[in-house]
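Chain identifiers are assigned alphabetically (A, B, ...) following the order of the sequence lines, protein sequences preceding nucleic acid strands; residue numbering begins at 1 within each chain.
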There are 2 protein chains.
Amino acid sequence: MNQYIQPSTTTASSRIYDILRKDLVNGRFAAGEKLAINALKELYQVGLSPLREALNKLAAYGLLIQENQRGFRVPTLSRSELDDIVKTRLALEGMAFEQAISLGDAAWEANLLAAEHRLKCADMTLDNDDEWERLHTQFHRTLVASCGSIWSLRFIEQLHDQFDRYRRLGPKMPVIRQELDQQHHELVALALKRDVKAARKLLDEHILKSYEAALTCFAQHG
Amino acid sequence: MNQYIQPSTTTASSRIYDILRKDLVNGRFAAGEKLAINALKELYQVGLSPLREALNKLAAYGLLIQENQRGFRVPTLSRSELDDIVKTRLALEGMAFEQAISLGDAAWEANLLAAEHRLKCADMTLDNDDEWERLHTQFHRTLVASCGSIWSLRFIEQLHDQFDRYRRLGPKMPVIRQELDQQHHELVALALKRDVKAARKLLDEHILKSYEAALTCFAQHG
DNA sequence: ATAAGTGATAAAATCGATTATTTTTCAGGA
DNA sequence: TCCTGAAAAATAATCGATTTTATCACTTAT
């Protein structure tokens, strides 16, 4: 494992960080909203110091905006930023996937099959969205895990969180969702066949299709 | 300006963040070293709360490693990580530069010429390394500034900081330095000519040459 | 009617002290 | 001599209170 991953025993600060990160990605707070620190303190039943440390980390990570003497705000959403996120994902994730296919060993293949299977199982049980989201994130992480670039993986994860802020706002789209699920399967198949070209092409399509889905969040909301 | 930039009035936390970030990039603390928070408190004459907030942000940014209940450490340096940083820079910065040349307007051209000129002036006065570093960073930031992708710019800046941790450890190399300075001038010339292909090629060479210089930090140290 | 000032209120940032955890030290036993 | 584990010391994390800064409602002057 690499030195940039944190765990070991857990602190109030890291716990609240994980929770807030998830809540921010899930759109629990409105875009542009100012976070009232004292309210958060009550809401999450946590002290001021660990809370502020978590908020500071989230701001450095890009899930919050920090303005000196004015606390923290949720970043606004815009079509142009979504476009940027998607373009950057296409480039970074595409390269990483190609590398991952070239470099991936048997353990990676096994992880990939396992991640796909777990995701498929979660697809069946229609409730428990949270769990599906977790497995979906894990699946995409596994796709590129063997690319060999710690920094690319880091950036890709950050972009996924940003992208998901948009995607999870939109309405459920069973048709698109089904197509995306189908692509998950095909991505694994192409990856295992080491068909770099075709896999890359399909990943691009996959990202663009989910972009399509994410775009609908503007139709509904602002 | 974009919402991810912070300024306005300044707090103890943001002040100490800027200082620590610079000191970390400059190698003031040894790689792998554990930071004694109380010592930092004395050293920078700052309270515990703002200091911890700054450290948390730096950890999220990648200039520190945070381990629960064990405080903060300076990330170690390794050949393989440097390779990763350089490869990722080549990809991200290369794309961004191509875009920047395509999209840059007259204001960008003016900024570019200004940044180059300031850097050249700093080249003359051999003392004041800090100022040169600042202008050098600013020059490279300007090169890609008009690429249109907030997220790429963000990642590129992060990678520059990481790269500079290595570069600034090595010995001064006047010959390579002179070649790099020459390339700065040529990069501007090609960018203004909108010669995307040649500019991209030169930027790649530029990054690889500074990689060469950064590599020497391993010859000296570990 | 608008703009600039003023005081009250709310909120953010910071401090000093306390609590929890890790690390070190050292005595006792194999 | 080398473990082992308990006590002591050091350090990280957190809390509660204080200070500083922004915000809002209101007054006064242009």
Side-chain angles (χ1 to χ4, degrees), chain A residues 1 3-21 23-24 28-30 32-76, chain B residues 1 3-21 23-24 28-30 32-76:
Chain A
M1 277 290 117
Q3 61 179 333
Y4 289 103
I5 290 178
Q6 49 155 350
S8 73
T9 24
T10 167
T11 63
S13 172
S14 69
R15 222 169 9 235
I16 190 62
Y17 173 85
D18 289 338
I19 294 171
L20 263 173
R21 175 176 158 179
D23 286 349
L24 285 165
R28 171 162 190 176
F29 305 98
E33 176 181 350
K34 174 142 186 278
L35 294 184
I37 297 195
N38 278 310
L40 289 184
K41 198 162 89 78
E42 302 301 320
L43 184 57
Y44 293 106
Q45 288 296 301
V46 70
L48 206 62
S49 311
L51 177 58
R52 284 190 59 90
E53 292 189 5
L55 293 173
N56 270 282
K57 270 192 278 199
L58 288 164
Y61 185 69
L63 280 174
L64 285 176
I65 311 295
Q66 183 169 24
E67 287 165 309
N68 285 341
Q69 317 281 19
R70 290 191 203 176
F72 298 85
R73 283 188 308 108
V74 180
T76 54
Chain B
M1 278 290 120
Q3 61 180 333
Y4 290 102
I5 291 180
Q6 49 152 357
S8 73
T9 24
T10 167
T11 63
S13 172
S14 71
R15 222 171 8 234
I16 190 65
Y17 173 85
D18 289 337
I19 294 172
L20 263 172
R21 173 176 161 181
D23 285 350
L24 285 165
R28 171 162 190 175
F29 305 99
E33 178 182 348
K34 174 143 186 278
L35 293 185
I37 298 195
N38 279 311
L40 289 183
K41 199 163 89 79
E42 303 300 319
L43 185 58
Y44 293 108
Q45 288 296 302
V46 69
L48 208 62
S49 311
L51 177 57
R52 283 189 61 88
E53 292 189 5
L55 292 172
N56 271 282
K57 268 192 278 197
L58 287 163
Y61 185 69
L63 280 174
L64 285 176
I65 311 296
Q66 183 169 24
E67 286 166 307
N68 284 341
Q69 316 282 21
R70 291 188 202 178
F72 299 85
R73 285 187 308 107
V74 180
T76 54

Salt-bridge present (A:Glu67, A:Arg73; N to O < 4.0 Å) = yes

ask   = Does the pair A:Glu53/B:Arg52 count as a salt bridge with the N-to-O cut at 4.0 Å?
value = yes

Between [N] atom [atom2] and [X] atom [atom1], what is the distance in whole Å?
X: B:Leu55; N: D:dA12; atom1: CG; atom2: P; value: 10 Å
X: B:Arg73; N: D:dT11; atom1: CZ; atom2: P; value: 17 Å
X: A:Glu42; N: D:dG16; atom1: CD; atom2: C1'; value: 14 Å
X: B:Gln66; N: D:dA12; atom1: CD; atom2: C1'; value: 10 Å
X: B:Asn68; N: C:dT21; atom1: CG; atom2: C1'; value: 11 Å
X: B:Asn38; N: C:dC15; atom1: CG; atom2: P; value: 14 Å
X: B:Leu48; N: D:dA12; atom1: CG; atom2: P; value: 9 Å
X: B:Leu51; N: D:dT11; atom1: CG; atom2: C1'; value: 13 Å

A:Phe72 side chain, from C-beta outward: closest of C:dC15, D:dC15, C:dA13 = C:dA13

request  = Report the nucleotide, chosen from C:dA13, D:dA13, D:dT14, that has the shortest atom-to-atom distance to any side-chain atom of B:Gln69.
outcome  = D:dA13

message = Distance check, rounded to the nearest 0.5 Å: A:Gln45 atom CD versus A:Ile16 atom CD1?
response = 10.0 Å

task = Tell me, with the steps shown, if A:Tyr17 and A:Asn56 meet side chain to side chain donor-acceptor pair (under 3.5 Å).
result = CA-CA 9 Å; A:Tyr17 173 85; A:Asn56 270 282; over 6 Å; no

message = Here's a test of your reading of the structure: between A:Ser49 and B:Gly71, which maps to the more 5' nucleotide of DNA chain D?
response = B:Gly71

Quick one: is [N] close enough that its OP1 or OP2 comes under 4.0 Å of any side-chain N or O from [X]?
X: B:Lys34; N: D:dA12; value: yes
X: B:Arg70; N: C:dT23; value: yes
X: B:Arg52; N: D:dT14; value: no

request  = Answer with base, sugar-phosphate or nothing: what part of the nucleic acid does B:Ile16 contact at a heavy-atom distance below 4.0 Å?
outcome  = nothing

query = What's the shortest heavy-atom distance between A:Asn68 and B:Ser14, and which atoms?
reply = ND2-OG, 3.4 Å

